[in-house]
Amino acid sequence: MKSHRLPVEPTQHCSRASHPAGSKARVLLSSVFGPYGQDDQYGSRRLNPMELYHNQVTRTQGAFSLRMFHRSWGLMMIQANIAAPCTLLDFPTLDRFIEELRTHRYDVVGISSIIPNQYKVKKMCELIRQYQPDAEIVVGGHIANVPDLAERIDADHVVRGEGVRWFRRYLGEDEDQPLRHPIISSGVGTRNLGVDTSERREDVAATIVPSVGCPLGCNFCSTSAMFGGKGKWVDFYRTGDELFDVICQVEREMGVSSFFIMDENFLFHRRRALRLLELIERHEKSWSLYVFSSANVLCSYSIEQLIRLGISWVWMGIEGRDSQYAKLAGTDTFDLVRTLQSHGIRVLGSTILGLEDHTPENIDEAIDHAVRHDTDFHQFMLYTPIPGTPLHAELSAAGLMKDESEYHQSDIHGQSILNYRHPSLDDEQTAEIMLRAFDRDFQINGPSTVRIVRTTLAGWKRHKNHADPCVRRRYVWEARELATTFSTVVAASKLYYRHDPVMHARMSALLRELHAEFGWKSRLFSAIGGRWLLGRIRKEEKRLAAGFSHEPPTFCERNASVADRPELPLCRSTAPPVSPPPPARPIVVSTEPVREHELVGV
């Protein structure tokens, strides 16, 4: 059995690794195998499902929790950008992964994973050696941040960072050729309130990845660490012109007008964002953009700029009261959230619990600080030192990291226990604190689905008569379900909370607003649909109580170079931008600590 132990190969440096078959090598890319929301021998945890929202945002909202899966976008990006014949297996079961290895020959097998799935990766490597002993194994993703990963798993290459350039170089292809962006539906298998939601073309958001990494480099951020740390990032589309061209292609291909911009701090790159705004206005686009942004960067734009750019959803770090992080310095996050919501911009706030100064005595104050923001969604995560981050290095040097014999690696996912010795909190306390935070946000602010209705209605009422017809069209599109589906949701929620005076009054007031704005249609849908939907909510609660696990479907796709499996769907991608961007090399701004204002405008 072949067993190689090669060093980790960061994409920031040229690697001598190359495959002898070059671009004729047959490549299989795979995510780790399921199940993803059940306890099993390979480290799956019911508490850590492969669902971003239900895992970290709406975790204790029961039937109201937003259930959704996101494809392995990094693997899709690699598949679309290599000439070698490449098959992508996404969300396989263990049996399906074995079947693929037994029935099709591969020269290269690539696996992407996060750190808690380390035991699944180990098992997959063992299976590859068993069924495909001549194949080389490449492992990447967040798991590559583990410094000694090459000693833990039987892989030929462990690649940290951006994978397209590495694979092109490894396969003897031109690593500087322009990028093709895969056609990506933002979410799959979406479910809420006991109902599988529509995946009609016009209702689906597309995912766009302009850059990876974050130059702000918060000390706990594994994404920043994976792409070089503070002051470094990788641009796929460096200019607003390139980005506009790619979004237009995706718009035509998918028939969508909403786009999830997967960039750690999209608005941070001000020149690119403002050029995109200029082109949006010139070509009269009415797009909705869902973005990540730090609070300080958001405040550097006027609200009119945000509206005209199409910003309709923001994921924003709130972190914690008196946070040390510069991205919050001097910003009144309460006022910022209220301002954004009053213009129909939905906000997902993110708070870190278990900071160094958190104690059993003050943790409720930290939770209440977060909950008072009343964001549309709220993410809570434990302050966790992930391997490869400055925080991990700092706590290791201080002798505060636990020995791995003291915990199971699969339990270090930011929702239960810590992998270091906190000065004031033990594992039992942190697990309870996380539940307390999610419960309090749900109990005080109600279901996130209803909060979205509230914010969307506020935006519609404020801007339905906006002077710019493109802005008006966008608000019409975003308000398209207020009179129908959303009225049904609020009516069902009102019935659900009939024994909770405070929440019932809140739902009643929102429903009256909907009736006043949309008249008979809203009244009809709330009267008929409300009771029907309440029945679905009750049924969903019973399913969840019985242990129902929401699992994603398996995807198996090929690129155009795979000619012998015509039964597989062909992966789709854009053409390179009209003006090809410079190669996606890591951007290095400075070796000194980066202050946010130094980079806005890059």
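Everything numeric here is computed off the predicted structure, so don't read it as measured data.
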For a 4.5 angstrom cut-off between non-hydrogen side-chain atoms, does [X] reach [Y]?
X	Y	value
F377	R346	no
L533	L193	yes
H373	T351	no
W287	E251	yes
H504	K494	yes
V371	H378	no
I303	I345	yes

Please test R454 against Q341 for side chain to side chain contact (heavy atoms under 4.5 Å, CB included), starting from the C-alpha separation and ending with a verdict.
CA-CA 9 Å; R454 175 197 62 193; Q341 289 177 325; 3.5 Å; yes

Assess the side chains of [X] and [Y]: does a donor N or O sit below 3.5 Å from an acceptor N or O?
X	Y	result
T389	H392	no
E264	W233	no
Y383	N219	yes
S573	R180	no

Which pair of heavy atoms, one from F268 and one from V297, lies closest together, and at what distance?
N-CG1, 3.6 Å

Validation row, ring centre [X] to ring centre [Y] under 6.0 Å:
X	Y	value
F334	H369	yes
H283	F244	yes
F236	H181	no

Just say parallel, tilted or perpendicular for the rings of Y53 and H70, cut-offs at 30° and 60°.
tilted

Indicate the ring-plane relationship of F260 and W73, choosing parallel, tilted or perpendicular according to the 30° and 60° boundaries.
tilted

Quick check with a 6.0 Å cut-off and a 45 degree axis cone: is R480 positioned over the face of W477's six-membered ring?
yes

Do R270's NZ or CZ and the ring of Y301 fall within the cation-pi criteria of under 6.0 Å and 45°?
yes

Donor-acceptor pairs under 3.5 Å, side chain of residues 221-229 to any protein atom, not counting sequence neighbours: which ones?
unit_1 : atom_1 : unit_2 : atom_2 : d
S222   : OG     : H142   : ND1    : 3.3
S224   : OG     : C214   : O      : 3.1

All salt bridge (Lys or Arg N to Asp or Glu O under 4.0 Å) counterparts of R451, not counting sequence neighbours
D441

Would you call E517 and K464 a salt bridge, taking side-chain N to carboxylate O under 4.0 Å as the test?
yes

So, applying side chain to side chain donor-acceptor pair (under 3.5 Å) with T449, which one of N192, T58, D376 is it?
N192

List in chain and number order the residues that pass ring pair (Phe, Tyr, Trp, His ring centres under 6.0 Å) with F266, two or more places apart in sequence or in another chain; answer none if no residue qualifies.
none

Go through the steps for E540 and R67 under the test salt bridge (charged side-chain N to carboxylate O under 4.0 Å, His left out), then give the verdict.
CA-CA 12 Å; E540 185 77 352; R67 314 299 298 267; 5.3 Å; no

